[in-house]
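Here is the structure we will look at.
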Amino acid sequence: MSQTGFVDPTRESYLFMPAWQKGLFYVLIFASLAWMVKQIIDTRRQWQKGRPAETDNRCLHKVWRYILGQRKVQESRPRDGAPMHLMLFYGFLALFIATSLLALAEYGFIVGLPNFHRGAYYLAYELIFYFMLLVFVIGAGWALVRRWSMVRRQLQAEAARFPGEPAPRLNPLTHEPKDYTGLLLLFALGVTGFLVEAARMKANPQPWDHWAPIGWLYSLILPPFSPAGYLAVWWLHALLVCAFFIILPQLRLRHIVIAVMTAYDAPDRPMGALRTIPMDEVEETGRIGVAEPEQYFRWDLKSLDACMGCGRCTEVCPAYGSGKTLNPKQVVADIHGGLRTGGQVAELVTEEALWACTTCNACVEACPVLIRHVDLIVDARRNLTAEGRLTGPATVTLRQVAGSGSAWGQKPADREAWMQGLNVPLARNTGEFEFLFWVGCAGATDPGAIKTTRAVAELLTMAGVSYACLGREEACTGDPARRIGDEFLFQEKAQGNASVFARYGVKKVVTACPHCFNSLKNEYGEFGAEMEVWHHTQLLAGLVGEGRLKSAEIRPGEVTYHDPCYLARVNNESDAPRRLVGEETNLNSEVPGLIRAVTSPPGPDTERLVEPEHRGRKTLCCGAGGGRMWMEEEPGQRPSERRMAELAATGAKTVAVACPFCRIMLETGRPKTAALEDEIRLVDLAEMLQEANR
Ligand code: SF4
Ligand code: SF4
């Protein structure tokens with residue numbers, strides 16, 4: 001009570017509680033917390049089996065961005081999944097803050113702090129935190145209903161399946177009893193939180209109770225509560241809290257803790273850069289790549305523990321979506337399981353699954369806890385390749401890259417054949433030039449890609465750009481070798497090309513191949529080639545912007561565009577290609593913002609281009625990356641067919657591309673039954689621009 005006789009609004013934390021119960025509560029809560037910490041320390045021992053971190057990447061900014069900012073969740077594909085998780089997360093965070101403030105108010109006297117849990121502060125506390133408790137309860141209830149409705153859909157699809165038909169692949173979410181236990185526990189914690197509040201109001205009513213409106217309304221329908229009744233409810237809630245701490249490390253909910261630890265020291269390597277294996281590491285370990293789970297880095301092993309089995313990675317995987325055995329969520333679970341049971345990664349995951357990956361990074365992009373599936377898969381491939389377990393056409397590709405320096409086996413002298421009839425400047429004959437036009441193996445060999453190469457050369461000349469090509473001095477970047485798993489062939493090519501760049505003092509490179517673009521931009525720096533690297537659509541869009549070239553004229557609905565994974569997702573460039581056909585978009589942004597991500601419908605958002613469902617960073621892979629271009633495909637399992645069907649469904653008669661690999665794959669993915677007059681034209685954006693500028 002204040003000196004004026006006015007009673008400060010507040011409440012007693014341990015109302016009606018005898019001292020022995022208070023003591024018992026402390027014992028239980030500290031014991032359960034200690035148990036939780038012990039389990040996490042035991043789990044950490046499993047991670048410690050791995051190799052120490054490649055570099056010191058510790059940074060709170062990543063915790064801020066990925067955990068507090070919930071960036072990945074905001075962008076997650078299941079549109080009801082994102083708001084549900086945001087409610088659960090921010091509700092949980094608010095309750096954590098509320099409990100911490102309560103403890104500080106109660107025990108602050110130890111450091112000389114008065115009990116501040118009273119007056120206006122107390123009323124605001126009640127209003128805000130009980131509102132957040134409501135948010136939390138709705139989030140937990142939503143998660144339970146969502147899970148259950150997914151199971152029901154799966155069961156219905158199973159029931160509707162004809163005998164012999166493959167099992168439906170609709171629902172990659174995990175549905176083990178423990179997944180429901182965790183959610184039920186969260187829901188029960190929230191509901192009993194309100195019950196405790198309402199019971200307190202019944203047993204000890206105060207004039208300010210309505211400042212916690214949900215609890216107050218709840219209290220109106222409750223029967224009277226004696227102090228003993230109130231204490232029974234209080235203990236029910238407290239025991240649920242203890243149970244939560246004890247079983248948290250065994251549930252997928254452990255990601256609440258481990259995802260924070262994972263984000264804190266996540267590798268800073270760009271999505272498109274694979275880790276370079278130093279030769280002394282091979283000499284030290286006598287091994288290339290990863291054969292057993294504990295040969296991964298500690299961070300990789302820790303990240304496996306953060307997996308919550310949400311299935312977002314599997315949902316977006318083009319290999320899984322086209323019926324292959326690869327299931328990135330299962331890859332994570334298998335390697336994680338192998339850490340305890342032992343075994344070879346290739347057996348745990350299966351070689352077939354490891355080779356099925358296109359390294360499109362859709363899984364990495366989708367994973368809310370930052371797991372880098374592509375690193376896990378490529379490290380295992382490196383070991384398989386070193387052990388001679390790669391078979392089929394990809395072995396020929398590697399031999400060709402090593403021998404002639406072309407993934408297509410083209411002789412160096414023929415690498416200039418595409419220039420016929422054009423006056424293309426060659427670096428060896430020219431003095432200074434601003435841009436090196438990097439042609440790439442496909443651009444110099446494949447008939448469709450050659451059209452793009454010639455178009456780019458003509459446009460650069462037309463716009464007065466100072467450029468030169470390497471011709472026979474250019475060799476494969478080594479990208480396919482690296483992603484197939486032949487790391488040292490990649491390094492040999494990177495060193496060779498980097499020394500050519502150094503000889504000509506190359507500072508800027510432009511290329512029409514997103515795979516070369518990615519490797520030159522994100523991977524060549526380690527080999528001494530520090531350059532500005534441009535994709536041809538970026539440079540051409542700049543020239544259009546400066547008025548040095550005209551953009552392509554298209555009629556609305558006539559053209560659709562396929563975003564290449566290595567441009568749109570891996571290197572975050574989706575706007576420049578669209579500017580070439582006169583569209584101004586804002587798809588490059590990595591964080592579109594909570595409201596837009598949660599509410600914007602998946603429909604087209606451009607005026608002239610007709611957009612497919614999967615676009616921008618969420619594009620759907622054509623199936624070429626990761627060396628899959630040179631691997632055999634089972635009938636009916638081509639990602640290109642699925643992608644081409646989606647592009648055809650837009651009704652556009654022209655599919656614009658910006659990658660020679662995509663062009664080749666989409667050609668093979670054309671619907672076999674299409675009548676000639678229904679045929680879709682595949683054309684690179686550079687060719688469209690060339691037509692417009694003739
Ligand atoms: S990188 Fe692409 S193909 Fe490979 S596992 Fe991830 S989503 Fe699937
Ligand atoms: S790996 Fe990531 S995206 Fe995949 S199930 Fe686990 S948490 Fe979800």
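Each ligand, and each atom within it, is numbered from 1 in the order the structure gives. Computed from a predicted model, the values in this text were never measured in an experiment.
Put simply, C317 gets within reach of atom 8 (Fe) of ligand 1, with an N, O or S atom under 2.8 Å from it.
Nearest to atom 8 (Fe) of ligand 2 among the protein's heavy atoms is C310 SG, 2.3 Å. Ranking protein heavy atoms by distance to atom 5 (S) of ligand 1, first place goes to L326 CD2, 3.6 Å. Shortest contact from atom 3 (S) of ligand 1 to any protein heavy atom: T358 N, 3.3 Å. The protein heavy-atom contact nearest to atom 6 (Fe) of ligand 1 is C363 SG, 2.2 Å.
Of all the heavy atoms of V374, the ones lying under 4.0 Å from any atom of ligand 1 belong exclusively to the side chain. Only the backbone of N361 comes within contact range of ligand 1, with a heavy atom under 4.0 Å; no side-chain atom does.
Set against the non-hydrogen atoms of T359, the atoms of ligand 1 under 4.0 Å away are 1 (S), 4 (Fe). Shown in contact with I371 at under 4.0 Å from a heavy atom are these atoms of ligand 2, numbered in order with element: 1 (S). Set against the non-hydrogen atoms of G311, the atoms of ligand 2 under 4.0 Å away are 5 (S), 8 (Fe). Proximity to C357 (heavy-atom distance under 4.0 Å) selects the following atoms of ligand 1: 1 (S), 3 (S), 4 (Fe), 5 (S). Of all the atoms in ligand 2, the ones that sit under 4.0 Å from a non-hydrogen atom of V369 are 7 (S).
Closest to atom 2 (Fe) of ligand 2 by heavy atom, among S303, A366, C307, C367, is C367. Nearest-residue assignment for atom 7 (S) of ligand 2 (options R372, M308, Q330, H373; heavy-atom criterion): M308. The heavy atom nearest to atom 4 (Fe) of ligand 2, out of those in C313, G309, A306, is found in C313.
Looking only at side-chain heavy atoms (C-beta outward), P612 and H562 stay at 4.5 Å or farther from each other. For the pair V135/Y90, no side-chain contact is recorded, criterion being any heavy-atom separation below 4.5 Å from C-beta on. Counting heavy atoms from C-beta on, the side chains of I371 and C313 never come closer than 4.5 Å.
With salt bridges taken as basic N to acidic carboxylate O contacts below 4.0 Å, one links K324 and E633. Between D563 and R643, no side-chain nitrogen of the basic residue sits less than 4.0 Å from a carboxylate oxygen of the acidic one, so the salt-bridge criterion is not met.
N361 and E365 share no side-chain donor-acceptor pair at under 3.5 Å. Of the N and O atoms on the side chains of H535 and E573, not one donor lies less than 3.5 Å from an acceptor on the other residue.
The shell of residues lying under 4.0 angstrom from ligand 2, judged by heavy atoms, includes P368.
Side chain of R381 to backbone of G626: a donor-acceptor contact under 3.5 angstrom is found.
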### Task
Determine, step by step, whether R482 and E487 satisfy the side-chain contact (heavy atoms from CB on, under 4.5 Å) criterion, reporting the C-alpha distance in whole Å, the side-chain angles of both residues, the deciding distance to 0.1 Å, and the verdict.
CA-CA 5 Å; R482 181 168 241 200; E487 171 65 10; 2.9 Å; yes

